Every structure is written in structure tokens, then in C-alpha cells.
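Heads up: the structure comes next, in C-alpha cells.
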4 protein chains.
Amino acid sequence: MPRSPSENERIRQLAKDKILEAAMDLFIQQGYHATSINDVAKQAEISKGLLYNYFSGKEGLLAAMVEERIAGVAEVIEKAASLQAPAEQLKFIVEQAIDNVYQQPEVFRFYLHLQTQPEADQELFPYSKRLVEEAARQFEIQCSIFESIGVPEPRKRSLYFSSTLQGIMLMISTYPQHFPIDEVKEQMLKEFCP
Amino acid sequence: MPRSPSENERIRQLAKDKILEAAMDLFIQQGYHATSINDVAKQAEISKGLLYNYFSGKEGLLAAMVEERIAGVAEVIEKAASLQAPAEQLKFIVEQAIDNVYQQPEVFRFYLHLQTQPEADQELFPYSKRLVEEAARQFEIQCSIFESIGVPEPRKRSLYFSSTLQGIMLMISTYPQHFPIDEVKEQMLKEFCP
Amino acid sequence: MPRSPSENERIRQLAKDKILEAAMDLFIQQGYHATSINDVAKQAEISKGLLYNYFSGKEGLLAAMVEERIAGVAEVIEKAASLQAPAEQLKFIVEQAIDNVYQQPEVFRFYLHLQTQPEADQELFPYSKRLVEEAARQFEIQCSIFESIGVPEPRKRSLYFSSTLQGIMLMISTYPQHFPIDEVKEQMLKEFCP
Amino acid sequence: MPRSPSENERIRQLAKDKILEAAMDLFIQQGYHATSINDVAKQAEISKGLLYNYFSGKEGLLAAMVEERIAGVAEVIEKAASLQAPAEQLKFIVEQAIDNVYQQPEVFRFYLHLQTQPEADQELFPYSKRLVEEAARQFEIQCSIFESIGVPEPRKRSLYFSSTLQGIMLMISTYPQHFPIDEVKEQMLKEFCP
DNA sequence: CATGAATGAGTGTTCATTCAT
DNA sequence: TATGAATGAACACTCATTCAT
């Protein structure tokens with residue numbers, strides 16, 4: 001007797017999640033190129049063939065990771081947007097960003113690595129582009145926060161803010177042990193959230 | 001008549017340079033993985049076999065690139081150090097860094113990409129590490145500049161300075177068209193070079 | 001209330017027919033290798049697993065197709081044999097053969113393709129052999145028609161007849177648009193049915 | 001010291017020939033699908049990788065075979081065309097065709113098998129098409145022979161001629177043991193070369 | 001010094017078949 | 001009876017590296 005469709009759906013979702021999690025683990029730990037489909041299947045404790053029932057291939061796994069990442073970042077921005085005071089919004093963004101990188105520097109590293117893929121890499125640049133375009137979209141939202149604060153040149157201020165935040169995240173992910181995150185948070189807030 | 005030893009050496013150096021230049025071009029344009037040894041040999045107009053006379057292999061090319069990069073960055077720092085006023089030194093660093101990224105965003109992109117290699121990538125992480133360690137060394141020099149200025153917590157100030165500068169470089173390399181480099185230079189100088 | 005055994009049998013037969021029809025469609029359109037079991041199951045609107053209840057696998061489907069084909073060809077020969085005059089018999093064979101190919105050139109193509117499978121193809125040659133052996137059997141019947149006409153060397157005449165007819169069928173299936181079937185029918189009849 | 005370019009060319013040609021011969025042997029014996037690249041490499045006594053230095057892949061081998069086949073057929077037609085009397089030309093074509101099939105029935109079988117590939121087989125149909133188009137071109141030449149003989153409807157006569165010849169070739173390749181080739185040759189010549 | 005023919009381990013992917021439900 | 005999730009062997013192809021010349 002066949003399984004009920006909903007039961008099947010549950011099984012599919014479980015397997016898909018297990019596979020994607022395995023892929024994320026390995027891609028983030030070792031990188032995309034150093035991880036073989038075999039590795040992913042073993043880590044997920046499934047057969048190589050099954051992986052292709054759920055994902056279109058190695059690139060499909062990366063694509064899924066990227067979408068999840070984008071959703072995660074968007075969520076932070078939306079939560080921030082739901083706060084009342086613009087200063088609170090910025091504070092939230094800064095703290096979330098820094099905390100996330102601090103807790104999982106390899107994750108930020110991975111997506112930054114992907115984002116910095118050379119443009120002529122035909123296989124992987126599309127994912128870089130996707131990340132950058134999405135970041136640009138979120139930058140627009142950030143701009144509107146600065147507008148509502150009433151700073152003189154909100155776009156430029158926002159750009160400087162992003163640069164600083166990105167730089168800090170990069171430094172944290174590079175020197176995760178030695179970075180005084182609390183003080184840096186404070187400095188950023190002092191400068192941008194008056 | 002056999003060539004003189006020094007003439008031989010000169011020829012060797014020329015060939016080596018041509019190969020390395022070809023590798024740099026291609027690695028930076030398309031990335032390390034998307035570039036084959038064949039591509040490099042063709043671009044350098046030499047045979048595949050000869051490449052192995054001059055470099056230990058694909059990794060050897062990357063290693064040479066990294067060393068050259070490190071030397072280039074060190075040179076900037078040294079030039080800065082040779083200036084009199086600490087404020088001039090910082091100004092020089094900021095302007096050089098920003099100008100370099102602005103003129104060749106792909107180059108910065110490439111080395112940042114390499115630097116963000118996952119730690120468990122056994123093939124490439126050593127080069128990431130090498131870059132990071134060298135950057136740490138140069139950070140120390142930067143610290144001493146801030147010390148000589150007499151700011152309260154020079155290490156932390158220097159860290160914040162580096163973060164901001166790195167962030168700006170990352171943003172420029174990501175959005176090379178739209179970045180108001182002159183204004184950002186100004187902002188940084190206003191903030192850090194009193 | 002359980003279904004009656006005969007009702008069950010009828011349902012089985014319907015399902016089997018639906019599957020076989022799907023397989024025939026796809027094999028004939030795209031070929032055996034280019035068609036996957038998945039394709040067949042989807043086309044038949046059943047599950048992959050169920051297919052294996054009715055057929056022993058992909059080869060089983062082909063085997064069933066071959067048997068059906070053989071039965072179809074035998075039927076034509078038998079119908080021909082039921083006619084009175086030998087000349088009428090040959091005429092019937094010629095017209096049936098040519099009309100069938102003309103109406104469904106892909107079908108003839110498919111079985112000719114199968115028949116020309118290399119002998120050392122362990123998977124598919126048995127079906128080629130089966131077709132050829134059956135054709136040989138029908139050739140014997142054809143021979144007896146020529147015998148009854150009273151032509152001098154009936155086997156050789158029959159062989160020449162078959163060759164010509166096969167050649168015409170091949171040409172029709174190769175150039176289905178441009179073949180003057182009516183004239184060719186006439187020519188064959190003029191030559192072989194005095 | 002490097003080999004001279006001409007020496008290299010010689011080596012390349014030898015290897016290429018050896019590989020193509022191995023592929024032809026195996027494809028013709030076992031068929032395209034039943035033959036793996038590994039098989040070809042082993043038969044040619046070279047490594048799998050080397051094969052890709054000379055051919056673009058499995059399909060490339062088939063393409064090379066098809067071109068060679070086309071050239072071979074064209075050569076026969078050209079030789080025929082160089083004869084004086086049209087009747088001699090037809091005789092030459094008939095005898096060459098029949099002798100070739102008789103001596104190597106598997107070869108004719110293979111190309112007929114390829115020619116009868118279903119049109120929707122995206123991988124292999126192009127080669128089928130190539131063969132058919134070339135055959136059409138040679139058919140035109142044949143037509144002109146019948147024209148110069150002065151038969152009433154040369155195109156139709158030529159079509160019937162081709163059909164008969166193709167049918168005989170098919171029959172020979174199907175029953176290579178039992179086919180009375182000499183008598184059949186005679187019959188064809190009697191019918192078409194007055 | 002210089003060449004490029006040759007190698008072979010490694011990789012992503014497909015698909016007929018099985019089996020728990 | 002019927003489903004489709006799961007398997008794993010097989011395959012085409014790539015590419016860094018070696019080495020005879």
C-alpha cells in the first residue's frame with residue numbers, strides 16, 4: 001500500500017533538509033570545490049543517487065544555500081524595519097550582524113568568498129551576482145532609515161555605514177579570536193545612532 | 001658560443017615573469033579553479049612542460065602571486081612609514097589603498113576571495129593564512145602610527161581604522177561603478193587624521 | 001465486496017495495455033535508450049513500481065513490443081494466405097506493407113533499427129534475432145505463394161521480391177514526404193503479379 | 001629537446017588512427033551504446049585521457065566514423081562517374097555495393113542502424129540526418145546516370161533502382177550466409193542496365 | 001632549455017531496479 | 001495492488017602532472 005501523499009511530503013522534506021544541511025556543513029567547512037557530491041551524500045547518510053532526486057546537482061545545492069542565506073538576511077532587515085525608532089533599527093542591524101559573524105565566522109566567510117568570485121567564473125559568478133543584487137536591495141531599505149533620521153546626505157551616509165559594518169564583519173571573520181566586538185559595536189552606535 | 005651564466009639567468013627570469021604574469025591575468029579574471037595549466041601555458045605562449053621548469057605546479061603559481069602581493073602591500077606600508085607626519089602616513093595608506101582598489105577592483109577581489117578560503121580547504125588555505133599573517137604584521141606597523149599620534153587606545157583605534165578601510169575596499173570592489181571614492185577618502189581622513 | 005477474479009484480470013489487462021502503449025509511443029518516438037522507465041511510467045500515468053508488477057523491466061517492455069509486432073506482421077501474412085489467387089495474395093502483401101510504412105514510417109523505422117542491432121550487443125540482439133527469425137518464417141510462406149504461381153525458381157524469386165519490398169519500405173521510411181507510393185506499388189505488381 | 005613538429009604530427013596521426021580504428025571496431029561489433037569510452041581506450045591501448053586529446057568525446061568518434069563512411073561512399077560514386085558508358089556506371093555501383101555489404105555485412109548494418117535512429121533522439125539523430133542527406137546528394141548523381149541512358153522517367157526509375165539495391169543490401173546484411181549474391185547482381189543488371 | 005603526447009585518478013551525473021509502506 | 005523514496009553501479013569527461021624526445 002502506498003504511503004499517503006502527506007507522509008511522502010514529510011519524508012521528502014526531511015531528506016531534503018538533511019541533504020542541504022550536510023552540503024552547507026561541508027561547503028562552509030571545506031569550500032565548494034573541495035567538497036564532492038560523494039562527501040555530501042556520505043555526510044547526509046544517503047546514496048549519491050538520492051541527492052539528485054532532491055537537488056539538480058552540486059550547483060543546485062549551492063543555489064539553495066544562497067536562497068536560504070538571502071532569506072536569512074532579509075529577515076534581519078525586516079525585523080529591524082518593524083522597530084519604531086530609526087536609531088533602534090540601526091542598532092538592531094549592527095548588533096545582529098556583528099553577533100552573527102562572531103558566532104559563526106565561517107558562515108560569513110563562506111558567503112563573502114562566494115561573493116568575491118571572479119566575474120568570469122561562469123559556473124559560480126551567478127551566485128555571487130545574486131548575493132550582490134540582494135544586498136543592493138537591502139541597502140535601499142537601509143538608506144530609507146537614514147532618510148528618516150534626517151541626516152544630510154542619507155545615501156552617502158548609508159554607504160559609509162555599510163562599508164564600516166562590512167569591514168568589521170570581515171575583520172571579525174578574519175581574526176575571530178581577538179576582536180573586541182563589544183567596543184566596536186559601541187563605537188559604531190556612537191557614530192551612526194545619535 | 002654558450003650564453004653567459006648571467007645571460008641565462010636573465011632569460012630564465014624573463015620567462016618566469018611571463019608565465020607568472022599570464023597566471024595572474026587568468027587567475028584574477030576567471031579564478032584559480034576555472035583556470036587550467038593549459039590556459040596559463042597558452043597565455044604565456046610556452047609549453048605546459050616548460051611551466052614546470054619554472055614553477056612547481058599550479059599551486060606554485062599561486063604561491064608566487066601571493067608573495068608578490070605581499071611585497072606590493074609591504075611596499076605601500078614602507079613608503080608610508082618613510083613619511084614624516086603620522087597624519088601624512090595614514091593619509092598615504094588610505095589614498096593608496098582606495099586608489100588601488102578603484103583602479104583594479106578585480107585584483108583586490110581576487111586576494112580577498114583567496115583570503116576567505118575556508119580553513120579546511122587543504123589545498124588553498126595555506127595561502128589564505130599567509131595573506132592574513134602578513135596583514136597582521138602590517139597591522140602592527142599601523143598601530144605604531146596611531147601610537148605616535150597619541151590617540152588613547154591605539155590598538156583599538158587602529159583596528160577600527162582597518163575595519164573601515166577594508167570595508168570601503170570591499171564595497172568599492174563590489175560596486176566599482178557607483179562608489180564616491182573622493183568623498184569617502186575625505187570622510188576617512190576627517191575621522192582618522194586630525 | 002472484492003472484485004471478481006475475471007474483473008481483476010480485465011483491470012490488469014487494461015493497465016498492462018496502457019503501460020505497453022506508453023512504452024511503444026516513447027520507444028518509437030525517441031528510441032529505446034533515450035527513453036527512461038520514468039518517462040514510460042509518467043506517460044502511462046502510473047508509478048514506476050507498478051510497471052514492474054506488469055513487466056519484468058525495460059527489456060520486458062521491448063520484448064512485449066516485439067511480440068506484438070510479430071503478431072501484427074503474421075496477421076497480414078495470414079490474411080493474405082486466406083485469399084484465393086496467389087496474385088491477389090502478393091498484391092495484398094505489397095499494398096499492406098507499403099501502406100503501413102507510409103502511414104507510420106517511424107514504426108517501421110523502429111523495428112528496422114532494432115533488427116540492425118549489432119550481434120554483439122548482449123542486451124538487445126536477442127530481440128533483433130527474434131524479429132529476423134520470425135521474418136524468415138514468413139518468408140517461407142511467401143515462397144509457397146511463388147511456388148503456387150509456378151515461377152521457375154520460386155525461392156530466388158521470393159528473395160528478390162522481399163528485397164525489393166524491404167528496400168521500398170526503407171526508402172519510404174527514410175523519405176516519407178517524397179515517395180511516389182502509388183507508382184511504386186504499380187511497378188512491383190506489374191513485375192511480380194503477372 | 002622537443003620533437004620536430006612533423007614528428008609530432010606523425011605521432012598524432014598514428015594515435016588518432018589507432019583510436020578511431022578501435023572505436024570503429026567496437027561500435028560496429030557491439031554498437032554505440034554498448035561500447036564505453038573505457039572499452040575504446042583499452043582496445044586502442046591508450047589511456048582514457050589521451051582519447052580526449054584527439055576526439056571531442058564519444059560523439060566525436062561517431063562523427064569521425066560517419067565522415068569516413070560518407071567519404072567512402074562518395075568515392076564509389078565518383079569512381080562510377082569516371083566510367084564511360086552509363087550502363088557500366090550502374091554496373092559498377094551495383095557490384096561495389098553488393099560486394100561491400102557481402103564482405104562486411106556488420107558495417108552496412110551499423111550505418112543502417114544509425115540511419116534509422118528515431119528523429120527525436122537528440123544525441124544521435126544528427127548523424128542519421130547527415131547520412132541521409134549525403135545519400136540524397138548521391139541519389140542526384142544516380143539520377144543523372146538514368147537521364148543519360150534515356151529512360152522515360154529517370155527520377156522514378158532511379159528511385160526504384162535505389163530501393164531495390166538498398167533492399168538487397170539489407171537482405172544480405174540480415175542473412176549474410178544464404179544470399180545468392182551473384183544471381184541477384186545479374187538480375188539487377190538485367191533489369192536496369194539494358 | 002623546451003615540447004606536447006600521454007597518463008589516470010577523480011568527479012558529477014544518470015537510471016534501471018528494489019522495497020518499505 | 002500501488003507508490004515513490006532509495007540504491008549503487010556505471011559512465012563520460014577533466015586536468016594537473018610526468019617524461020621521452
Side-chain angles (χ1 to χ4, degrees), chain A residues 1-5 7-12 14-16 33 35-41 45-61, chain B residues 2-3 8 11-12 15 33 35-42 46-61 123, chain C residues 3 8 11-12 15 33 35-41 46-61 123, chain D residues 1-5 7-12 14-16 33 35-41 45-61:
Chain A
M1 219 172 332
R3 292 193 197 85
S4 74
E7 173 68 2
N8 259 325
E9 188 48 42
R10 204 181 58 86
I11 289 175
R12 284 186 70 81
L14 277 177
K16 204 170 174 180
H33 284 111
T35 302
S36 74
I37 285 287
N38 236 330
D39 292 340
V40 176
E45 294 176 301
I46 51 122
S47 70
K48 230 188 322 183
L50 188 60
L51 195 151
Y52 286 86
N53 277 3
Y54 296 105
F55 294 92
S56 62
K58 205 180 173 183
E59 262 196 74
L61 287 167
Chain B
R3 297 194 197 83
N8 256 328
I11 290 175
R12 270 193 75 83
H33 284 111
T35 303
S36 74
I37 285 288
N38 231 334
D39 293 339
V40 176
K42 263 185 200 137
I46 51 120
S47 73
K48 243 186 306 183
L50 190 56
L51 193 151
Y52 284 85
N53 274 352
Y54 292 106
F55 294 92
S56 63
K58 204 180 174 183
E59 262 194 72
L61 287 166
E123 187 185 358
Chain C
R3 298 194 197 84
N8 256 330
I11 289 176
R12 270 192 76 84
H33 283 111
T35 301
S36 73
I37 285 287
N38 231 332
D39 292 339
V40 176
I46 51 121
S47 73
K48 243 186 306 184
L50 190 57
L51 194 151
Y52 283 85
N53 273 353
Y54 292 106
F55 294 91
S56 62
K58 205 179 174 185
E59 261 194 74
L61 287 166
E123 187 184 358
Chain D
M1 223 171 326
R3 293 192 197 87
S4 74
E7 172 68 2
N8 259 325
E9 188 47 41
R10 206 182 55 87
I11 290 176
R12 286 186 67 82
L14 277 177
K16 202 170 175 181
H33 284 111
T35 302
S36 74
I37 285 287
N38 237 330
D39 292 341
V40 176
E45 294 175 302
I46 51 120
S47 69
K48 226 187 326 180
L50 189 58
L51 193 150
Y52 287 88
N53 276 3
Y54 296 105
F55 294 92
S56 62
K58 205 180 174 184
E59 261 195 75
L61 288 166

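Chain naming here is simple, since letters A, B, ... match the order of the sequence lines and numbering starts at 1 in each. The shown structure was predicted, so the numbers you read here are calculated from the model rather than taken from an experiment.
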Between [atom2] on [N] and [atom1] on [X], what's the gap in Å once rounded to a whole number?
| X | N | atom1 | atom2 | answer |
| --- | --- | --- | --- | --- |
| His33(C) | dA12(F) | NE2 | C1' | 15 Å |
| Glu123(C) | dA10(F) | CD | P | 13 Å |
| Asp39(D) | dA10(F) | CG | P | 12 Å |
| Ile37(C) | dG4(F) | CD1 | P | 16 Å |
| Lys58(C) | dT18(E) | NZ | P | 15 Å |
| Leu61(A) | dT13(E) | CG | C1' | 13 Å |
| Asn38(C) | dT14(E) | CG | P | 12 Å |
| Arg10(A) | dG4(F) | CZ | P | 16 Å |

- Task: Check every atom of dG4(F), dT17(E), dA6(E) against the side chain of Asn8(A) and return the nucleotide holding the closest atom.
- Result: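 Of dG4(F), dT17(E), dA6(E), dG4(F) is nearest to the side chain of Asn8(A).
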
- Of all the nucleotides listed (dT17(F), dA6(F), dC15(E)), which has the minimum atom distance to the side chain of Ser36(C)?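 Per side-chain heavy atoms of Ser36(C), the pick is dC15(E).
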
- Message: Over all strands shown, is Thr35(D) touching base, sugar-phosphate only, or nothing at heavy-atom distances under 4.0 angstrom?
- Response: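 Sugar-phosphate contact only.
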
- Task: Describe the nucleic acid contact of Ala41(C) in one word from base, sugar-phosphate, nothing, applying a heavy-atom distance below 4.0 Å.
- Result: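 It contacts nothing in the nucleic acid.
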
Would you give the length of the straight line joining atom [atom1] of [X] to atom [atom2] of [Y], rounded to the nearest 0.5 angstrom?
| X | Y | atom1 | atom2 | result |
| --- | --- | --- | --- | --- |
| Arg12(A) | Tyr54(A) | CZ | OH | 5.0 Å |
| Asn8(D) | Ser4(D) | CG | OG | 7.0 Å |
| Lys48(C) | Asp39(C) | NZ | CG | 10.5 Å |
| Glu123(B) | His33(B) | CD | NE2 | 5.5 Å |
| Lys16(A) | Leu51(A) | NZ | CG | 11.0 Å |

- Please work out which residues in residues 45-54 of chain D have a non-hydrogen atom less than 4.0 Å from an atom of DNA chain E and list them by number.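 Result for residues 45-54 of chain D: Ile46(D), Ser47(D), Lys48(D), Gly49(D), Leu50(D), Asn53(D), Tyr54(D), sorted by number.
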
- Starting at the 5' end of DNA chain F, write a dot or bracket for each base, bracketing those in Watson-Crick or G-U wobble pairs whose two distances are under 3.5 Å and using | for partners on another strand. .||||||||||||||||||||

